[in-house]
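Here's the structure we're looking at; comments come further down.
Values reported hereafter were calculated over all heavy atoms of this structure, with side chains retained and with hydrogens, waters and symmetry mates removed. Every chain is numbered from 1 and lettered A, B, ... according to where its sequence line falls, protein lines coming before strand lines.
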4 protein chains.
Amino acid sequence: MVRADARRNRAKLLEVAEQVFKERGTDVPTEEIARAAGVGVGTLFRHFPTKEALLEAVFLNRMERLAERAERLIADEEPGSAFFTFFLMLVEQSAMKNVLAAALAEAGINAKDVTAGIRGGFRGHIATLLERAQQAGAVRGDIGVDDVIALLLGLAAAGEQTELDAAVARRTVDIVLAGLKVAPQKDLTTGLASPS
Amino acid sequence: MVRADARRNRAKLLEVAEQVFKERGTDVPTEEIARAAGVGVGTLFRHFPTKEALLEAVFLNRMERLAERAERLIADEEPGSAFFTFFLMLVEQSAMKNVLAAALAEAGINAKDVTAGIRGGFRGHIATLLERAQQAGAVRGDIGVDDVIALLLGLAAAGEQTELDAAVARRTVDIVLAGLKVAPQKDLTTGLASPS
Amino acid sequence: MVRADARRNRAKLLEVAEQVFKERGTDVPTEEIARAAGVGVGTLFRHFPTKEALLEAVFLNRMERLAERAERLIADEEPGSAFFTFFLMLVEQSAMKNVLAAALAEAGINAKDVTAGIRGGFRGHIATLLERAQQAGAVRGDIGVDDVIALLLGLAAAGEQTELDAAVARRTVDIVLAGLKVAPQKDLTTGLASPS
Amino acid sequence: MVRADARRNRAKLLEVAEQVFKERGTDVPTEEIARAAGVGVGTLFRHFPTKEALLEAVFLNRMERLAERAERLIADEEPGSAFFTFFLMLVEQSAMKNVLAAALAEAGINAKDVTAGIRGGFRGHIATLLERAQQAGAVRGDIGVDDVIALLLGLAAAGEQTELDAAVARRTVDIVLAGLKVAPQKDLTTGLASPS
DNA sequence: AATGAATGAGGTTTCATTCAT
DNA sequence: AATGAATGAAACCTCATTCAT
């Protein structure tokens with residue numbers, strides 16, 4: 001029956017770690033997180049054998065929560081609206097908090113790999129939302145999931161740097177959404193713009 | 001006039017540091033950079049009394065080089081084209097290499113503050129390019145310099161995460177550029193989109 | 001209750017540090033002390049987060065042991081004798097090992113401040129001993145605790161410089177004690193001598 | 001003719017070093033002293049091949065100046081007064097600034113050795129002053145030069161620790177001088193007091 | 001003879017991880 | 001299963017000394 005304690009500890013650690021990483025960056029000493037969670041370092045390391053493992057777990061945890069929302073959106077809303085809502089949601093929550101992704105990257109771990117195993121497939125959900133929106137004519141047809149993910153990451157990063165100014169954050173999202181709606185452009189300046 | 005050696009060392013350090021930070025992240029030991037530049041740690045610390053100072057210097061150095069290009073564009077090209085070219089250029093060179101900006105941010109140094117003092121004013125150049133493009137009708141009128149900078153940071157970050165796929169990088173820029181051209185949107189999904 | 005180990009380590013460190021500082025000065029690398037105590041550097045720094053803190057702790061530790069003796073003297077001996085005995089005791093043990101006090105002073109920590117908080121009040125004990133001795137007519141009445149402390153420090157320093165010659169050390173103490181007995185002098189040479 | 005510059009530099013360095021050591025302790029970086037003297041480090045090291053050598057030189061320089069004064073006193077004043085004046089003078093100027101002696105000691109250099117070569121013999125002067133004073137009955141007869149030197153060192157150290165309180169410094173000197181006048185004491189407390 | 005940039009050993013401190021209790 | 005003290009590699013930085021100019 002000690003299992004109950006253990007599971008509660010794990011959850012608390014995950015929650016606290018997310019909070020602390022967000023507030024103070026991923027460089028906080030492991031001990032700080034343990035203390036904030038009200039456990040000893042030893043306990044933390046029992047649950048996550050490595051700091052890296054903790055990073056991964058927090059990242060995955062976040063992703064899973066997002067995946068759940070995506071599922072609900074797919075089920076409940078109509079195509080165009082669903083896609084845009086999800087996009088906004090991700091960015092507004094500064095969903096991926098780039099710090100994490102960056103920290104993982106630095107550790108030589110690809111965020112894509114980590115995400116791969118998520119229930120239902122995070123990536124898959126985005127794909128579904130995107131395709132439907134494209135079929136409904138709400139999003140230009142020449143882009144793919146990877147483009148969307150890249151944009152999400154980018155906007156999240158932008159939001160982080162300008163976290164002081166909410167108006168800026170909103171305007172950047174607005175611009176990207178606008179860009180997603182219109183048809184493919186022809187020769188902007190150098191002609192680079194058209195998809196290959 | 002030993003200054004020749006000194007200046008060469010400083011330049012070499014800056015160059016090497018930029019390279020190493022790009023390849024291995026900003027967590028590399030200071031000593032590594034010194035070794036790579038062929039000098040002792042002491043020399044590095046004589047030039048940059050703190051690791052943070054080195055980071056700042058690399059960042060500034062990059063910015064200055066960009067500022068020079070901006071000046072040339074302002075002089076030579078016509079408004080709309082100049083703006084888009086500069087934008088593309090920045091992103092394609094993954095100009096701001098987010099690692100740096102992130103590291104600076106973590107260290108409590110605001111990129112905005114650092115950039116403020118740059119020769120000729122990097123920010124000022126962007127402002128000029130933007131205003132001209134807006135007057136020429138090539139860019140929507142409701143955005144400001146900070147929005148552009150945020151978008152640049154975002155795209156740079158996006159580019160970093162997906163550095164394998166050049167096509168993705170290009171497409172994301174295309175989308176943002178498209179978004180910059182059109183007039184402000186009204187009620188995308190939730191109506192959040194319009195600037196307050 | 002791992003505390004047993006911890007306390008043992010702390011005690012061992014204090015003991016070893018006192019010994020090492022005495023033998024080789026306060027410039028010994030922290031690591032040396034750790035090694036001599038049979039622990040890792042980390043352990044040392046867990047107990048004393050700063051070298052300065054270690055110095056302080058050693059100093060305080062010594063003071064506390066002295067304070068205990070002072071208490072016993074106050075309780076057991078008659079006034080004049082008690083004062084002189086304590087004085088001799090302090091000096092003979094080269095009680096304050098000036099190295100420490102000097103190191104602390106250099107570090108900007110005033111010995112007075114540190115001593116202030118000691119259990120039972122080291123300074124208070126001296127005051128008591130002094131006052132009683134003065135009331136008993138064994139010590140001239142125009143001096144205060146600070147004077148006594150200054151003299152102690154001075155004699156300790158003198159003892160250190162001449163540690164080879166026990167006879168010299170003894171004679172200097174004798175002289176000071178003699179000087180403490182007699183009444184205030186009038187015009188030695190320049191008349192500087194009398195307290196203002 | 002470059003010799004003039006060289007000698008001036010050496011003098012300036014000695015003067016500045018004494019000042020800086022007094023104000024900030026002997027741990028100041030060599031470079032600081034060079035800067036304060038308006039020369040490069042290289043120059044400093046040409047004159048004093050080692051920091052230790054600089055320390056020694058400053059010490060010696062001070063001693064020589066003192067020796068000169070002693071000579072004048074021996075010539076001009078009457079025995080008792082001469083001795084006490086010299087004693088006071090040394091202490092009031094905090095003449096030996098213990099830091100120096102301590103630093104030398106730490107470096108494994110005996111202050112006595114360094115002083116040995118002084119013109120006229122510093123120690124010899126004290127001996128002369130003392131003997132005369134004793135013959136004139138102004139100082140008790142059972143003490144020797146080493147005792148006096150020890151007391152001087154001690155008082156200088158005491159003065160250093162309590163440099164804030166001039167009254168304390170003066171009183172301690174007064175006590176010691178009083179002690180030097182009176183005849184040998186018999187059994188203070190334990191009988192330790194009498195010279196062996 | 002003077003300069004000050006370069007050197008690099010070495011000092012203090014941090015922190016992920018292990019392990020005795 | 002939990003605790004938190006212990007560990008020690010490694011980070012950053014300082015400074016006496018050398019050496020090219």
Could you work out, with salt bridge (charged side-chain N to carboxylate O under 4.0 Å, His left out) as the rule, every residue matching A/Glu56, not counting sequence neighbours? none
Roughly how many Å is it from CZ in A/Arg35 to P in E/dA16, rounded to a whole number? 12 Å
To the nearest Å, give me how far apart CD1 (D/Ile33) and P (F/dC15) are. 12 Å
Test side-chain contact (heavy atoms from CB on, under 4.5 Å) applied to B/Ala11 - qualifying residues, sequence neighbours left out: none
Spacing of D/Leu54 atom CG relative to F/dC15 atom P, expressed in whole Å: 16 Å
Distance, rounded to the nearest Å, where B/Arg8 contributes CZ and F/dT21 contributes C1': 12 Å
Minimum heavy-atom distance B/Ala57-B/Phe48, with the two atoms named: CB-CE2, 3.5 Å
Between A/His47 and F/dA1, is there a contact of a side-chain N or O with OP1 or OP2 at under 4.0 Å? no
Its contact letters, B for base, S for sugar-phosphate only and - for none at protein heavy atoms under 4.0 Å, make nucleotides 9-15 of chain E read --SBBBS
Any donor-acceptor N or O pair under 3.5 Å, side chains C/Glu15, C/Gln19: no
Would you kindly give the CZ-to-C1' distance between B/Arg46 and E/dT3, to the nearest whole Å? 11 Å
For C/Asn61, which residues count as a side-chain contact (heavy atoms from CB on, under 4.5 Å) partner, sequence neighbours excluded? C/Leu14, C/Glu18, C/Arg65
Donor-acceptor pairs are to be reported for all side-chain atoms of residues 32-45 of chain D against protein atoms at under 3.5 Å, with residues two or more places apart or in another chain.
residue: D/Glu32; atom: OE1; partner: D/Arg35; partner atom: NH2; Å: 3.3
residue: D/Glu32; atom: OE2; partner: D/Arg24; partner atom: NH1; Å: 3.1
residue: D/Glu32; atom: OE2; partner: D/Arg24; partner atom: NH2; Å: 3.1

Let me know the distance between CG of B/Leu55 and P of F/dC12, rounded to the nearest Å. 11 Å
Within residues 11-20 of chain B, the residues having a heavy atom closer than 4.0 Å to DNA chain F are none
Taking E/dA2, E/dT21, F/dA2 as options, the one with an atom nearest any side-chain atom of D/Asn9 is E/dA2
Validation row: A/Val20, A/Glu23 side chains within 4.5 angstrom (heavy atoms): no
Pairs involving residues 45-54 of chain A, ordered by first then second residue, that meet salt bridge (charged side-chain N to carboxylate O under 4.0 Å, His left out) (sequence neighbours left out): none
CG on D/Asn9 to NE2 on D/His47, rounded to 0.5 Å: 5.0 Å
Do A/Leu54 and A/Phe21 have side-chain heavy atoms sitting under 4.5 Å apart? yes
So what's the dot-bracket for DNA chain E: Watson-Crick or G-U pairs under 3.5 Å, [ ] if a pair crosses, | if it pairs off-strand? .||||||||||||||||||||
Interatomic distance, D/Leu55 atom CG to D/Thr50 atom OG1 [nearest 0.5 angstrom]: 10.5 Å
Taking for each residue the nucleotide of DNA chain E bearing the nearest heavy atom, is the 5' side occupied by B/Arg10 or by D/Thr43? D/Thr43
